[in-house]
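Below is one structure, written out as structure tokens, with a few remarks after it.
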Amino acid sequence: MTRWPIARYLLSTHFVFLMFILLCFYAACAVILGVAVVLTDITISTVDAAAQVLIWMALGYGASATGVLSTMMVHGRTRREFLVQHPFFQLVTTGTAAALITGAYAAENAVYRAFDWGQKVQEHRIYESTSDYPVIFAVYWCMLLTWMLVGVFVGAAFYRWEASGALALLPAAAVVLINGGVTGFFSLPFNRIEVDGVLPVVGITAVLVAVTAAMLWATVRDIPLKTRAA
């Protein structure tokens, strides 16, 4: 059990914590729905509306990865190990999160049907209903993976170059705007990109992930280990 120590550590700790947070997040959404139904008619999907929070959660968690990087370097692990194993962890974590979110849509569908509530999804989503599960799963996976990886890149840039790391925000913004435009999770008037089906979204995401991974590699491959003065 000596192979892939960083990935094994993250999957046995961070992965469990993140899935717990995600479950708590949807439990909170259920509470909000319970309050809202007393005050107004329900016409939109609560799970779908909550996606706007998830993109920032993925970005914020990704930015915290420099803590993992510095800790692993202190314990003798290499930058190369981090650059291989952390993306693997992100791939597994975001894929599992996407599956849980798709399950949340399914559970919500059952509740909404029971009470005959409206379940409109947000504008610019590439899925037309909350029961289009394969597309929902794929789009959420693409969104979460991209935003988390961008967060890791930005966090590493600030760790390495401190204030000058702000320059990394420019390519990072370009990546999240393109991803948000094709997935519909961060759609602004100037970045909307019409796509036909989920396959173009997967293809564009693959390019964005490859570009971001290359920028992350260039940032981390010889990043110095910083120590704090006593």
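Keep in mind it's a predicted model, so treat the numbers as computed, not measured.
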**Message:** Would you call the rings of Phe89 and His86 parallel, tilted or perpendicular, taking 30° and 60° as the class edges?
**Reply:** perpendicular
**Fill in**
Residues Leu144 and Ala98: closest non-hydrogen pair is CD1-N, 4.2 Å
**Prompt:** Checking side-chain contact (heavy atoms from CB on, under 4.5 Å) for the pair Phe186/Met143: CA distance, chi angles, key distance, verdict?
**Reply:** CA-CA 10 Å; Phe186 191 57; Met143 177 268 284; over 6 Å; no
**Item:** Over all atoms of both residues, closest heavy-atom pair of Leu216 and Ala156
**Value:** CD1-CB, 4.1 Å
**Message:** Do Leu170 and Phe190 land in one hydrophobic cluster if side-chain heavy atoms of ILVMFWY residues count as linked below 4.5 Å?
**Reply:** no
**Prompt:** Could you state the interatomic distance from OG1 (Thr94) to CG (Leu18), rounded to the nearest 0.5 Å?
**Reply:** 10.5 Å
**Message:** Could you check whether Arg192 and Ser187, counting side-chain N and O atoms only, form a donor-acceptor pair closer than 3.5 Å?
**Reply:** yes
**Message:** A side-chain contact here means heavy atoms from C-beta on lying under 4.5 Å apart; do Phe115 and Ile42 qualify?
**Reply:** no
**Request:** Please confirm whether His124 and Phe185 have ring centers closer than 6.0 angstrom.
**Result:** no
**Message:** Working note: Thr46 + Tyr112, criterion side chain to side chain donor-acceptor pair (under 3.5 Å); need CA distance, chi angles, decisive distance, verdict.
**Reply:** CA-CA 10 Å; Thr46 306; Tyr112 273 52; 2.9 Å; yes
**Request:** Classify the angle between the aromatic ring planes of Tyr127 and Tyr140 as parallel (below 30°), tilted (30 to 60°) or perpendicular (above 60°).
**Result:** parallel
**Message:** To check you understand the geometry: which heavy-atom pair defines the closest contact between Phe153 and Pro171, and what is its length?
**Reply:** CE2-CG, 4.1 Å
**Asked** Is a donor on one side and an acceptor on the other found under 3.5 Å between the side chain of Ser45 and the backbone of Asp48?
**Response** yes
**Prompt:** Between Arg160 (side chain) and Thr219 (backbone), is there a donor-acceptor pair under 3.5 Å?
**Reply:** yes
**Asked** More than 12 non-hydrogen atoms from neighbouring residues, nucleotides or ligands closer than 6.0 Å to CG on Leu199, yes or no?
**Response** no
**Request:** Could you tell me whether a side-chain N or O of Gln85 sits under 3.5 Å from a main-chain N or O of Phe82, the two making a donor and an acceptor?
**Result:** no
**Message:** When you compare the side chains of Gln119 and Thr130, does any donor N or O come within less than 3.5 Å of an acceptor on the partner?
**Reply:** yes
**Message:** Check for me, please, whether Met72 and Val84 land in the same ILVMFWY cluster - side-chain distances under 4.5 Å, paths through other members count.
**Reply:** yes
**Prompt:** Roughly how far, to the nearest 0.5 Å, is CD1 of Ile204 from CD1 of Ile178?
**Reply:** 8.0 Å
**Single-linkage hydrophobic cluster Val16~Met19, side-chain heavy atoms < 4.5 angstrom** = yes
**Asked** For residues Ser131 and Asn109, is any side-chain donor paired with an opposing acceptor at under 3.5 Å?
**Response** no
**Asked** Should Val111 and Val35 be regarded as members of a common hydrophobic cluster, given that ILVMFWY residues are connected when their side-chain heavy atoms come within less than 4.5 Å of each other, either directly or indirectly?
**Response** no
**Item:** Lys/Arg N to Asp/Glu carboxylate O, Asp222 vs Arg79, below 4.0 Å
**Value:** no
**Asked** Would you say the side chain of Val202 lies within less than 4.5 Å of the side chain of Cys142, judging by non-hydrogen atoms?
**Response** yes
**Item:** Straight-line distance of Ile193 CD1 to Thr183 OG1, nearest 0.5 Å
**Value:** 9.5 Å
**Pairwise distance CG(Leu91) to CE(Met148) - rounded to 0.5 angstrom** = 11.0 Å
**Prompt:** Can you find a side-chain donor-acceptor pair between Asp132 and Tyr105 that sits under 3.5 Å?
**Reply:** no
**Prompt:** Under a 4.5 Å side-chain heavy-atom rule over Ile, Leu, Val, Met, Phe, Trp and Tyr, are Leu54 and Ile32 clustered together?
**Reply:** no
**Asked** Backbone N or O of Val209 within a donor-acceptor pair of the Thr212 side chain at under 3.5 Å?
**Response** no
**Inter-residue atom distance Thr93.OG1 - Leu10.CG, 0.5 Å rounding** = 7.5 Å
